[in-house]
There are 2 protein chains.
Amino acid sequence: MTEATRRERLRAETEREIRQAARTLLVENGQDAVTLRAIARKLGITAPALYRYYDSHDALLRQLCDDICADMAAALYANLAADTSGQVGCKVRAVCHAFRRWALAHPQEFALVFASPRDPLGADQFGSVFLQLAGPLIASNEDANHVGEEVPAVLHEDLVRFQQVLRDAVAEHGVTLADEVLNLGKIYHVVQSWVRLYGHVALEVFGRFPFAVSNPEPMFDSMLDQMLADIGFQEN
Amino acid sequence: MTEATRRERLRAETEREIRQAARTLLVENGQDAVTLRAIARKLGITAPALYRYYDSHDALLRQLCDDICADMAAALYANLAADTSGQVGCKVRAVCHAFRRWALAHPQEFALVFASPRDPLGADQFGSVFLQLAGPLIASNEDANHVGEEVPAVLHEDLVRFQQVLRDAVAEHGVTLADEVLNLGKIYHVVQSWVRLYGHVALEVFGRFPFAVSNPEPMFDSMLDQMLADIGFQEN
DNA sequence: CGGTTTTAGTGAACGGTGTTTACAAGAGTT
DNA sequence: AACTCTTGTAAACACCGTTCACTAAAACCG
């Protein structure tokens, strides 16, 4: 079964421990606490040994970001699967709520992955995770609304590119979409929804609402209602 | 004139230099480069001397945040004053564009002030700067629209509190607002606008749009159009 | 099996960091 | 002139990322 040699197994195990130690440090003590020496201390080895696994501290942080994204994607998919209502609107709500809950429960991870002026955009990065869900959800809402709705002409080029991204994402799930379903108007509203979703969650996680909000969840719900209405889902 | 003693003047001058050195380091080399020793080097003094001015590295960073906020506020007010159209919609657009331009031109500052999981919310923090502008702008649009519009009851309490914040902000400019003008429906839309504005700008600065956007400005303009329509300003 | 190569880990070192402490020198005050 | 307060220094401590020479064990190979 295990085709790996003994050494490869040990190496994989150590690498797993490194990632887990880094993650624990991030969660419990913040980004600045994720130091090579602290990680090494947790594993009972010395700091230079980590260079056998990662080229630099920065590379290790990048790996950490990828792990976090993967975990969040898994959490979102799990919440999506847990919704058995069959109604698309409910599924969208479930995913959005899961995103908010995850961000609030993992503020350090959210800040690291989301709001650092890092490299332009990794292939397996954050937004793509969320929007790989958007494709199938749109696909399952076959109403061809928003057709012919006015979308500024300057945006067409970018929206068509995004349309292709969504089409590819859906294709991986074995579904092909007609242009009437995935029309530009709807795509535009998806982007707008992403802006609002991210805006609300980031403001809440970073505590940057312009006034004290006693309980932001109803405000989030209210925003979701409007988003879903804009995007063309019938009221729940 | 100068009521300060010689020593007080020197101290104030040194403090000014410290702030400026910190700012330069942040802009030119990123947040990690804002080091006590680097700042001291720029001033030709040693690092421990800085402890005569700030309790800790963290306190200095907090001061830096306040400076940045003040500068951005000044930039926004300048752009507001530069718009002589007299039309409120144009003024709103000017401020929003100024915010986006400032964030894109100062990504390091934006990231530091905006997206670090710091203390809940400083008194002179970011959102408040922007929304101190919102009050007067709303005030100058006397149309009592959105009256009686449905706003979820759970949000009333928070919105009333925010209403008071805006009223106070406007009062500082010597204006008092009637409830019909500053009604809850409009307040709600202001908050929603802040969410969208922040969402777009943060996504753009951090490069977290889910697909490559060739030129995000038209998308921003388009969002502003919809925002202004939602909030009840007549089309420009 | 014996010899060789590859690998994972060590320990010491370099230059960097925030911070504390003891101390010196000048400015201001009486 | 004597005293205090302020502003700076120098040395030290513990930590950081990173490099380098080196060891010991694992894997490979004839």
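Letters A, B, ... mirror the listed sequences (proteins, then strands); counts begin at 1.
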With sequence neighbours excluded, residues passing salt bridge (Lys or Arg N to Asp or Glu O under 4.0 Å) with D83(A): none

State which residues pass salt bridge (Lys or Arg N to Asp or Glu O under 4.0 Å) with D168(A); sequence neighbours excluded, sorted by chain then number. none

Kindly give the atom pairs (protein nitrogen or oxygen, nucleotide nitrogen or oxygen) under 3.5 Å for nucleotides 27-30 of chain C.
residue	atom	partner	partner atom	Å
dA27(C)	OP1	R6(B)	NH2	3.4

Once you apply a heavy-atom cut-off of 4.0 Å, does Y53(B) come out as touching a base, just sugar-phosphate, or nothing? sugar-phosphate

Considering only residues two or more places apart or on different chains, which pairs with a residue in residues 15-30 of chain A satisfy salt bridge (charged side-chain N to carboxylate O under 4.0 Å, His left out)? E13(A)-R16(A), E15(A)-R19(A), R19(A)-D67(A), R23(A)-D71(A), R23(A)-E109(A)

Among residues at least two apart in sequence or on other chains, which ones pass side chain to side chain contact (heavy atoms under 4.5 Å, CB included) with R52(A)? none

Students should find this one: the first and last nucleotides of DNA chain D, 5' to 3', lying under 4.0 Å from a heavy atom of chain B. What are they? dC5(D) to dA12(D)

Residues in side-chain hydrogen bond (donor to acceptor under 3.5 Å, both in side chains) with T35(A), at least two apart? none

Could you list all the salt bridge (charged side-chain N to carboxylate O under 4.0 Å, His left out) pairs where at least one residue sits in residues 35-46 of chain B, not counting sequence neighbours? none

If you measure only the distance, is there a donor-acceptor pair under 3.5 Å linking the side chains of Y51(B) and S56(B)? no

Contacts of type ring-ring contact (aromatic ring centres under 6.0 Å, His included), residue F220(B), not counting sequence neighbours: H97(B), H200(B)

By side chain to side chain contact (heavy atoms under 4.5 Å, CB included) - contacts of D158(A) (at least two apart): R161(A), F211(B), V213(B), S214(B)

Between C1' on dA8(C) and CD on E15(A), what's the gap in Å once rounded to a whole number? 13 Å

Mind checking ring-ring contact (aromatic ring centres under 6.0 Å, His included) for H57(A) and listing every partner two or more places apart, or none if nothing turns up? none

N/O to N/O distances under 3.5 Å, protein versus nucleotides 16-24 of chain C:
residue	atom	partner	partner atom	Å
dT17(C)	OP1	R41(B)	NH2	3.2
dT17(C)	OP2	R41(B)	NH2	2.8
dG18(C)	OP1	L36(B)	N	2.8
dG18(C)	OP2	L36(B)	N	3.2
dG18(C)	OP2	R37(B)	N	3.4
dG18(C)	N7	R37(B)	NH1	2.4
dG18(C)	O6	R37(B)	NH2	3.3
dT19(C)	OP2	Y51(B)	OH	2.6
dT19(C)	OP2	H57(B)	N	2.7
dT19(C)	O5'	Y51(B)	OH	2.7

So does T46(A) get a side-chain nitrogen or oxygen closer than 4.0 Å to the phosphate oxygens (OP1/OP2) of dG9(C)? no

